[in-house]
Amino acid sequence: MAASGAAVRGGGRAFLSLALGVSLLKCLLIPAYYSTDFEVHRNWLAITHSLPVSRWYYEATSEWTLDYPPFFAWFEYTLSHIAKVFDPEMLNIQNLNYASPRTVLFQRFSVIFTDVLFIYSVYECCKCIEGKKAGKELTEKPTFILSVLLLWNFGLLIVDHIHFQYNGFLFGLMLLSVARLFQKRHLEGAFLFAILLHFKHIYLYVAPAYGIYLLRSYCFTADKPDGSVTWSSFSFLRLIALGFIVCFVSALSLGPFIAMNQLPQVISRLFPFKRGLCHAYWAPNFWALYNALDKMLCIIGLKYNLLDPKKIAKASMTSGLVQQFQHVVLPSVTPLATLICTVIAMLPSIFCLWFKPQGPRGFLRCLIVCALSSFMFGWHVHEKAILLAILPMSLLSVGKPQDAAIYLLLTTTGHYSLFPLLFTAPEFPIKVLLMLLFTVYSFSSLKTLFRKEKLLNWMETIYLVGLGPLEICCELVFPFTPWKLKYPFIPLFLTSVYCAAGITYAWFRLSVSMLPGPAVSKAKLQ
Amino acid sequence: MKEWHSMTIAVLVGLTVRWAVSLNSYSGAGKPPMFGDYEAQRHWQEITLNLPVQEWYFNSSDNNLQYWGLDYPPLTAYHSLLCAYVAEFINPDWVALHTSRGYESDHHKLFMRSTVFIADLMIYIPAVVLYCCYLKETSPRKKIANAFCILLYPGLLLIDYGHFQYNCVSLGLTLWGVLGLSYDWDILGSLAFCLALNYKQMELYHSLPFFCFLLGKCLKKDLKGKGLLLLIKLITTVVAAFALCWLPFFTQLEQTMQVLRRLFPVGRGLFEDKVANFWCSLNVLLKIKSLLSPHTQLMFSFALTFLSLLPACLKLTLQPSLRGFKYALVSCALSFFLFSFQVHEKSILLVSLPVCLILNEVPFMSIWFLLVSTFSMLPLLLKDQLALASVGTTLGFGVACASSFSIFENISEEELQLRSFSVYVRRHIPGFKVPAKMLKTWFLVSVTMMSLLTLTSITVEPPHKLPDLFPVLVCLVSCLHFLLFLIYFNVIILWDHRNGRSQKKIN
């Protein structure tokens with residue numbers, strides 16, 4: 001007992017050091033480059049602080065209008081009261097692009113401090129994930145590895161603390177709700193997730209997994225011996241409790257706007273379908289491959305005179321920075337088509353969750369598949385959305401070697417695809433070093449954890465190693481070549497297509513892993 | 001996890017923190033007409049690139065020595081020249097004669113920062129990694145923890161990547177020297193140290209232990225046979241290294257003399273600014289600068305330095321041992337820092353380097369010293385607007401040390417290397433014990449005091465009558481610490497019998 005107590009204390013101390021260490025690193029990153037998202041959030045501070053609630057979703061002085069759900073607006077409203085102490089000038093709506101040193105300090109610290117919620121959630125997750133076997137050394141234990149993988153996550157670090165966003169505490173809410181589901185505190189988990197949805201609606205991507213899991217494994221209290229649903233065990237009370245929680249949270253968030261008859265305006269701000277299929281920099285998903293194929297067919301067509309050059313809009317060929325990408329050969333994609341593709345991609349895993357529920361782990365897997373499917377086929381997906389799959393995947397990675405392999409593929413490719421976010425020269429070494437740090441750690445720790453299994457085959461290894469030369473070509477060699485002026489989009493194009501291949505592969509493998517295994521392995525398990 | 005994986009991670013964390021610090025401001029940013037050390041380094045590139053070697057150290061219409069004239073030894077000048085070639089290739093405006101004065105731009109900052117980064121990566125970091133990998137009687141985990149803490153030492157990091165200097169080169173070369181001596185490659189070791197000395201004359205702080213250790217080695221090997229051979233080899237190496245470095249300046253006697261005059265500016269006074277050494281602290285009570293003539297000051301400082309050096313050097317010459325050598329490096333550098341003439345606050349880094357080398361032997365005391373040494377540079381760092389980076393890296397260093405070495409559990413007599421001393425004292429005062437518990441309290445008091453002083457220096461405006469109140473307080477507190485540390489390290493050196501005996505056994 002004494003020994004295990006000491007181990008727990010040692011683990012707690014190590015966790016504390018990791019959390020403190022990464023927080024201090026975040027503090028050191030305060031003077032780094034920040035993107036326009038910094039101004040976005042400053043503007044929201046100003047809007048929520050100086051205008052009545054009724055005008056929050058109508059204000060349009062800055063081009064960065066409020067387009068997050070109400071809870072986030074209230075969050076900014078709360079922050080603005082602290083911001084007053086730092087520099088009241090940042091709360092002026094007319095002060096566009098205002099960034100005094102105190103403003104920067106305040107905004108950066110607000111991200112760092114709200115990350116405390118993330119740290120707490122990671123702690124909770126580590127408690128409920130019992131990984132493979134427990135190694136002898138503290139640093140070889142799954143819980144320790146998991147806490148590093150989450151706390152020191154490269155993507156979260158650069159997106160939140162360099163690029164500037166508030167993903168930390170939002171992911172904290174998500175992980176906490178996942179942890180609560182693992183701990184069988186379903187109502188709490190549902191409550192947290194409902195709150196999260198009203199903070200940032202991108203988490204709708206994973207809502208199907210929550211809905212189906214809670215319905216199947218919480219509202220139905222018993223299973224048949226073969227795992228299929230016992231219809232008679234349905235508990236109305238539980239369904240009503242869940243429904244009440246969701247309605248209560250939604251009423252709290254949207255109620256005031258419904259009362260003011262502003263719901264359509266809020267909705268139109270939250271879902272701007274006027275933007276194109278892909279972001280300026282194509283997120284590495286299925287549509288990036290689709291676009292690339294279209295471009296290739298177009299070039300081939302022009303070469304062999306199968307296409308009429310006059311009919312092709314010149315803009316779509318020369319610049320990768322055009323928002324509305326026009327397909328030349330392949331049919332254009334509508335928002336409805338992306339929605340249908342996404343649903344089809346999610347369906348198999350949702351079915352599995354319903355017909356073969358495998359407890360919270362099955363739910364987690366389904367959640368990741370949902371997140372990744374939305375990333376793969378969604379409309380106007382940002383490259384940052386890959387974090388929605390990477391972070392929960394960390395929880396699975398310390399459990400089984402197959403999951404560890406998928407995780408390594410997904411994170412390495414996904415993190416690399418975030419590189420174009422930081423394009424300024426002083427941040428180049430930071431991103432490369434942090435990426436190396438995280439990649440070396442994830443590979444070596446997971447390989448130590450699954451000592452006996454071979455994680456990646458030769459093809460996957462070659463693919464991942466290929467990221468190195470790709471980076472050298474895109475950021476070190478290409479700027480010095482004459483093509484830089486003529487084809488400035490080539491590095492982004494290459495990065496996006498190369499990463500899309502890896503992420504598609506990871507998505508495919510993950511989806512397959514969701515399906516029930518062949519009979520042989522089942523027999524073995526029993 | 002494999003050992004070299006962990007080491008890679010330790011190095012990568014060190015590099016990341018380094019670059020993160022380099023995003024901050026540098027000394028004299030946007031402060032014409034003199035700017036700061038950053039401009040000094042840029043100016044040296046300009047001078048070395050555009051003027052012939054003979055004019056580098058001389059005042060002329062093209063080379064105003066009042067404006068950051070070159071006052072480091074030739075190797076620094078060559079390094080500047082090398083950087084200048086690269087700078088000229090990228091953007092000739094950066095190093096154009098006269099017109100480039102006070103040149104500042106984001107691209108130039110990036111270039112200057114990367115020159116430090118590359119020098120560090122090539123010289124200092126490999127030396128630290130190698131040193132830790134070959135530590136004797138240490139588990140692999142401890143080696144990595146050791147390297148991790150040394151690489152995160154905030155003082156060097158903040159001065160090189162924040163304030164802007166190339167201390168990593170001279171300290172790295174010294175470390176290569178120590179490495180060489182540890183493996184009995186005395187020639188290579190002394191060559192590396194000669195290069196360090198020719199990069200920065202402040203390395204003289206380390207020269208006596210090097211000299212005494214090598215001399216002691218020769219004496220032990222019998223001066224008539226092998227010892228003499230080694231001595232001749234060493235002398236040849238040193239003379240050759242110096243001759244090579246100084247070759248362009250040996251053409252005329254006047255050249256050599258001028259360089260020497262530039263290197264040792266005796267006329268600049270006993271101390272400058274606020275430095276945490278004995279004289280500056282004494283000056284608070286007793287205005288020595290006005291009481292004594294410059295010549296007397298020089299004599300006094302020389303005498304005091306010599307006296308404080310003497311025991312450690314004598315002991316090392318008579319009983320040369322690697323362990324004694326490391327401690328002697330600490331104590332001699334500390335004596336120089338406390339008592340010698342014209343000391344800068346940044347010179348404490350010369351003491352910190354050898355303290356890093358004994359981190360695994362006396363973790364508690366070393367960590368304490370390293371924290372105090374960073375604290376002693378606080379006024380300088382605040383002037384460079386590095387408050388956030390200083391607090392961040394210092395706390396980070398604290399966290400790294402606390403998780404690598406369980407510091408509070410290692411304060412026994414044995415762990416403090418004071419066993420033989422207390423045995424000796426017990427002969428005269430029975431029942432004497434090293435006050436380990438009290439040390440812990442002192443440590444906590446000292447850390448609290450330093451944190452409070454840091455906090456007030458950052459947030460509170462000093463009273464109008466005493467504008468220098470906080471810097472002076474910082475100096476006094478650090479100086480008191482350093483004096484006590486000097487006594488402690490000397491006690492270890494003088495009562496160290498273990499090595500003498502074990503050496504005899506081996507022989």
Side-chain angles (χ1 to χ4, degrees), chain A residues 10 12-33 101 104-105 108-109 112 135 137-140 144-145 148 152 154 157-158 161-162 424-449 451, chain B residues 1-25 106-114 117-118 121 139-141 144-145 148 152 154 157-158 161-162 385-404 406:
Chain A
R13 252 181 62 178
F15 184 84
L16 203 64
S17 314
L18 284 173
L20 267 175
V22 80
S23 302
L24 290 168
L25 182 66
K26 291 168 187 172
C27 291
L28 286 181
L29 292 176
I30 286 177
Y33 147 89
V104 176
L105 206 63
R108 290 281 200 202
F109 270 129
I112 295 170
E137 289 216 40
L138 172 69
T139 48
E140 290 182 8
F144 180 85
I145 295 173
V148 181
W152 285 74
F154 166 78
L157 269 178
I158 69 162
H161 301 278
I162 302 182
T424 45
E427 279 70 24
F428 175 74
I430 281 276
K431 73 176 177 186
V432 172
L433 286 168
L434 275 175
M435 169 88 182
L436 274 179
L437 182 64
F438 186 80
T439 311
V440 170
Y441 181 79
S442 55
F443 271 81
S444 68
S445 62
L446 289 176
K447 275 191 174 162
T448 321
L449 190 62
R451 229 173 246 127
Chain B
M1 211 184 310
K2 276 183 200 139
E3 205 177 307
W4 68 271
H5 282 161
S6 311
M7 194 55 108
T8 316
I9 288 165
V11 171
L12 281 172
V13 172
L15 291 175
T16 312
V17 173
R18 277 166 164 72
W19 196 265
V21 171
S22 84
L23 297 173
N24 281 284
S25 164
D106 287 343
H107 277 113
H108 186 246
K109 179 182 167 193
L110 189 64
F111 164 73
M112 295 294 270
R113 295 295 197 200
S114 28
F117 192 72
I118 290 167
L121 200 59
S139 70
R141 277 178 75 84
I144 289 152
F148 187 55
L152 283 184
L157 234 140
L158 290 166
Y161 290 86
Q385 296 176 320
L386 292 170
L388 188 68
S390 316
V391 174
T393 47
T394 312
L395 288 178
F397 176 70
V399 171
C401 288
S403 53
S404 312
S406 34

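Quick note on labels: first sequence line is chain A, next is B, and so on, each numbered from 1.
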Under 4.5 Å from any heavy atom of chain B, what part of [X] do you find: side chain, backbone, both or neither?
| X | value |
| --- | --- |
| A:L20 | side chain |
| A:I30 | side chain |
| A:L29 | side chain |
| A:L24 | side chain |

Is it the case that the side chain of [X] and the backbone of [Y] share a donor-acceptor pair, with hydrogens and angles ignored and the cut-off at 3.5 Å?
| X | Y | answer |
| --- | --- | --- |
| B:R113 | B:G162 | yes |
| A:R108 | A:H161 | yes |
| A:E427 | A:Y33 | yes |
| B:W19 | A:P426 | yes |

With a 4.5 angstrom heavy-atom cut-off, is it the side chain or the backbone of [X] that approaches chain A, or both, or neither?
| X | result |
| --- | --- |
| B:R141 | side chain |
| B:V11 | neither |
| B:A402 | backbone |
| B:L110 | side chain |

Query raised in the report: Who pairs with A:K26 by salt bridge (Lys or Arg N to Asp or Glu O under 4.0 Å), at least two apart in sequence or on another chain?
Result: A:D115
Requested in this report: Quick one: list whatever passes ring pair (Phe, Tyr, Trp, His ring centres under 6.0 Å) with A:F443, sequence neighbours left out.
Outcome: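 Counting only residues at least two positions away or on another chain, A:F443 forms no ring pair (Phe, Tyr, Trp, His ring centres under 6.0 Å).
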